[in-house]
Chemist: 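The structure's right below; bear with me while I get my questions together.
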Amino acid sequence: MEKRKLMRGSIALAEGAITAGCRYYFGYPITPQNEISEHLSARLPEVGGVFIQAESEIASINMVLGAASCGARAMTSSSGPGISLMQEGLSYLAGSELPALVVNITRIGPGLGGISACQGDYWQATRGGGHGDYRLIVLAPNSVQEMHDLAIKALHLADQYRNPAMILADAILGQMMEPVNLDPPPVEIPAKPWALTGARGRKPQLVKSLYLADGEMEKHNWHMYEKYQRLQEAEVMVEMDLEEHMDLLLVSFGSCSRMVNSAVALARSRGYRVGHIRPVTLFPFPGDAIREVSRCVGKVLTVEMNTGQMWDDVRLSVYPGCQCRLLARPGGAIPSPKQILEEIEKYIKAGDLLAKSVR
Amino acid sequence: MQKVFARPATLLETGFHFCPGCHHGIVHRLLCEMLERYNLQEKAVGVPGVGCGVFLYDYIAIDVCEAPHGRATAVATGIKRVQPDHFVFTYQGDGDLGAIGTAEVIHAANRGENFTVIFVNNSVYGMTGGQMAPTTLLGQYTTTSPAGRDSRNDGYPLHLAEMLAPLEGVAFAARVSLHTPAHVKKARRALQRAFETQLEKRGFSFMEFVSACPTNWHLTTLQSVEHIEQKMLSVFPLGIYKNTAAATVRKEGEPADALL
Amino acid sequence: MSRITIREEGCKGCSYCVLACKRKLIRIDQDRINNLGYNPAVFSDNNEEPCTGCALCAEICPEVLIEVYRQQGRVGA
């Protein structure tokens, strides 16, 4: 019997992490993510785990680093300003090849910004706000169910590729409530022979990111690069709602994609032939899918709740010659389905400014 | 003929990278002696911060997790909470602990985290070339206090042992020195108390080692010993500032109990 | 006789052992440079006041290079 429960996004994510065997949470209060910490402060002791409210996000991410170095599944959650403080720690986690789950319930910014939702941390998440050649595995849920499921998936990918993984959600997803199917896929945590469990019956082991000898870091950088290539080849997650023939392709992610879904339905009801691609993994980005689909659709409309960030990746990915437009609403503004529909109509009716779109 | 002193087995053969007369090497040796005394080599995890002590893993044969600058006590918190029955210690210098890591050490102490902090106080930033540290003496020349540390601009030397001792989570806090053999013996006994504090799960233990940094003090090694004797120890009085295992618990402000 | 050995190749000439030895049995060899480029400390016993194996030198060596052998039962003799 499917176990469904009406849950808030943050709680669903926290329960997903627990289901995935995460037993260590270190965090610091910041709106709009507090529900995660508050829930785990009660739940983790129940499941034999540890919850610490640290003195800062900097301390939090480093506690995660410590716990991860022992092979434990550990996580933290925060929002923009806190995630910014964690950037050095994330770079160390990647450089030390440690798995960890970091959740960003994005809020408006920059600076103190505000507590409502936006998608302005896309660049920071996908381009890595920290120093050095590294990437974060970034998953962007668009429903409470995905908050639960992608937390499990993120912890799995982090372990599998020994790299920090981020859930990029936002205040909407954190606060909204939807029914969630709590029947988890079987979870098995891979063995971690590299973990610092004490040099008993083996040579001492080291978790570090310092590489001073000649050529050592270059080797390490390419080793990490190879990991990111494998991720790109094997772990892209993308949702595609396409039609046989399309005049316009929309691209959006996260909670914004819910509005785009409604707009697409409205547009189709008015006879417009539109498709929608929703990246679920922001890294690895579904560039190939967008290139493939856009080959036979001359126009692409990116819809984002920021001033245009994923828009860069879309333009990098579309088939050459495709026309790209952006509908951007930053600062907590939410594009309504109606507004998106108007943009769809305007864009389709604009005719082919270019030569016949490439078939 | 009996061998009465030898290099501890846990101290690897690789020669130290430390400068001549630097006391880091002695701290490493004392750590190895204690690790062996309590048979901890197979269940110890060292957490060096960033500074001259970062290469702990090249010298001590235990598992090591390298912490970002200033965050060793947070990393150690994570490790100790995952593996409470492991022996966990941080190894940090003036900058790592006394400057960027102050918040982390205060809150780890305040949470009573059951691990041991090794703090090497040589009153400068060694690895980066001798900049002023929070523990730099007034009037001391460093590359960032070229006219000598001036309290009006640079504040005063920070007293970590005294600052942390009053926190209820702290079970042991001491400051020792290494500039004479007698002081090294006392330092070893104090370090043993710190190890026992962790092994008996009494809470946070803190060991501050006053150490020489001839290179960045611009003194010879023997002048450095004098500098410690005549200048540092008056600013950084030695002693056990807290020991919850001791019969009488020292009241705040009382002079520290004499080192045993 | 009690005695010490110094791994001279690791010595950085800091002279702490020279300072520590009550009987002045250790000196810095000014005529030799070791692989590290330092004048190493060398031990030379003398019959009047021989080494007692007190290990003060070993206790203070920052490079942990000194091993100490003590003649049984004759400490300080």
Side-chain angles (χ1 to χ4, degrees), chain A residues 23-26 28 44 49-76 85-93 95-96 98 100 130-131 192 194-213, chain B residues 10 12 17 35 39-51 54-88 90 96 100-113 115 127:
Chain A
R23 290 294 176 271
Y24 298 89
Y25 176 92
F26 312 98
Y28 189 81
L44 278 177
V50 171
F51 167 89
I52 293 185
Q53 179 168 299
E55 56 272 26
S56 71
E57 288 91 350
I58 293 175
S60 306
I61 192 69
N62 282 287
M63 292 178 188
V64 167
L65 190 148
S69 75
C70 305
R73 279 191 164 177
M75 69 176 284
T76 185
L85 289 177
M86 293 184 180
Q87 292 305 317
E88 185 200 35
L90 289 173
S91 171
Y92 268 75
L93 279 165
S96 311
L98 287 174
H131 59 286
K192 298 177 181 176
W194 46 266
L196 304 180
T197 52
R200 185 195 317 283
R202 62 164 169 73
K203 286 200 340 324
Q205 292 187 156
L206 170 57
V207 166
K208 68 157 188 170
S209 54
L210 180 66
Y211 292 90
L212 289 177
Chain B
T10 322
L12 297 171
H17 72 289
L35 287 169
N39 200 8
L40 296 168
Q41 306 88 312
E42 294 185 341
K43 45 186 286 194
V45 182
V47 185
V50 176
V54 68
F55 297 113
L56 187 90
Y57 44 83
D58 285 339
Y59 306 128
I60 301 185
I62 57 172
D63 277 1
V64 165
C65 181
E66 191 188 83
H69 191 41
R71 317 310 172 193
T73 45
V75 171
T77 296
I79 293 172
K80 189 71 181 185
R81 291 311 185 95
V82 172
Q83 301 179 129
D85 57 3
H86 279 58
F87 187 85
V88 179
T90 71
D96 197 86
I100 188 172
T102 330
E104 279 77 4
V105 69
I106 286 176
H107 288 282
N110 197 48
R111 289 190 301 269
E113 297 290 344
F115 58 71
M127 176 178 254

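Fair warning: this is a prediction, and the values are worked out from it, not measured in the lab. Chain letters run A, B, ... following the sequence lines, proteins first, then strands; residues in each count from 1.
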Chemist: Is it the side chain or the backbone of B/Val45 that comes within 4.5 Å of chain A heavy atoms, both, or neither?
Modeler: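 It is the side chain, since no backbone atom gets that close.
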Chemist: What's the spacing between A/Arg202 CZ and B/Glu42 CD if we round to 0.5 Å?
Modeler: 9.5 Å
Chemist: Do B/Glu113 and A/Ile52 touch side chain to side chain, with heavy atoms closer than 4.5 Å?
Modeler: yes
Chemist: Pick one of side chain, backbone, both or neither for A/Leu98, based on which atoms fall under 4.5 Å of a heavy atom in chain B.
Modeler: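 A/Leu98 has no heavy atom closer than 4.5 Å to chain B.
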Chemist: Determine whether B/Pro68 and A/Asn62 make a side-chain contact, defined as any pair of heavy atoms from C-beta on separated by less than 4.5 Å.
Modeler: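 Side-chain contact under 4.5 Å: yes.
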Chemist: Nearest 0.5 angstrom please: B/Ile79 CD1 to A/Leu65 CG, how far?
Modeler: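 The CG atom of A/Leu65 is 8.0 Å from CD1 of B/Ile79, to the nearest 0.5 Å.
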Chemist: Please state whether the side chain, the backbone, both or neither of B/Ala61 comes within less than 4.5 Å of a heavy atom of chain A.
Modeler: both
Chemist: Distance check, rounded to the nearest 0.5 Å: B/Arg71 atom CZ versus A/Tyr92 atom OH?
Modeler: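 Reported value, rounded in 0.5 Å steps: 9.5 Å.
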Chemist: Non-hydrogen atoms of chain B under 4.5 Å away: do they reach the side chain of A/Glu88, the backbone, both or neither?
Modeler: side chain
Chemist: Non-hydrogen atoms of chain B under 4.5 Å away: do they reach the side chain of A/Leu212, the backbone, both or neither?
Modeler: side chain
Chemist: Between B/Gln41 and A/Ala199, is there a donor-acceptor pair closer than 3.5 Å when you use the side chain of the first and the backbone of the second?
Modeler: no
Chemist: Side chain from CB out, backbone as N, CA, C, O: work out which of these in B/Glu104 comes under 4.5 Å of a heavy atom of chain A, or both, or neither.
Modeler: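 Contact with chain A: backbone and side chain both.
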Chemist: SG/A/Cys70 to CZ/B/Arg81 distance, rounded to the nearest 0.5 angstrom?
Modeler: 13.0 Å
Chemist: Need one label for A/Thr197: side chain, backbone, both or neither, based on atoms under 4.5 Å from any heavy atom in chain B.
Modeler: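 Both parts, backbone and side chain.
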Chemist: Is it the side chain or the backbone of B/Phe87 that comes within 4.5 Å of chain A heavy atoms, both, or neither?
Modeler: neither
Chemist: If I measure from the heavy atoms of chain A, does B/Val54 come under 4.5 Å with its side chain, its backbone, both, or neither?
Modeler: side chain
Chemist: Taking side chain as everything from C-beta outward and backbone as N, CA, C, O, which of these in A/Ser60 sits under 4.5 Å from a heavy atom of chain B? Side chain, backbone, both or neither.
Modeler: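 Neither part; nothing is under 4.5 Å.
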Chemist: Top residue by heavy-atom pair count (under 4.5 Å) with chain A, among B/Ala103, B/Cys65, B/Pro48?
Modeler: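 The candidate making the most pairs under 4.5 Å is B/Cys65.
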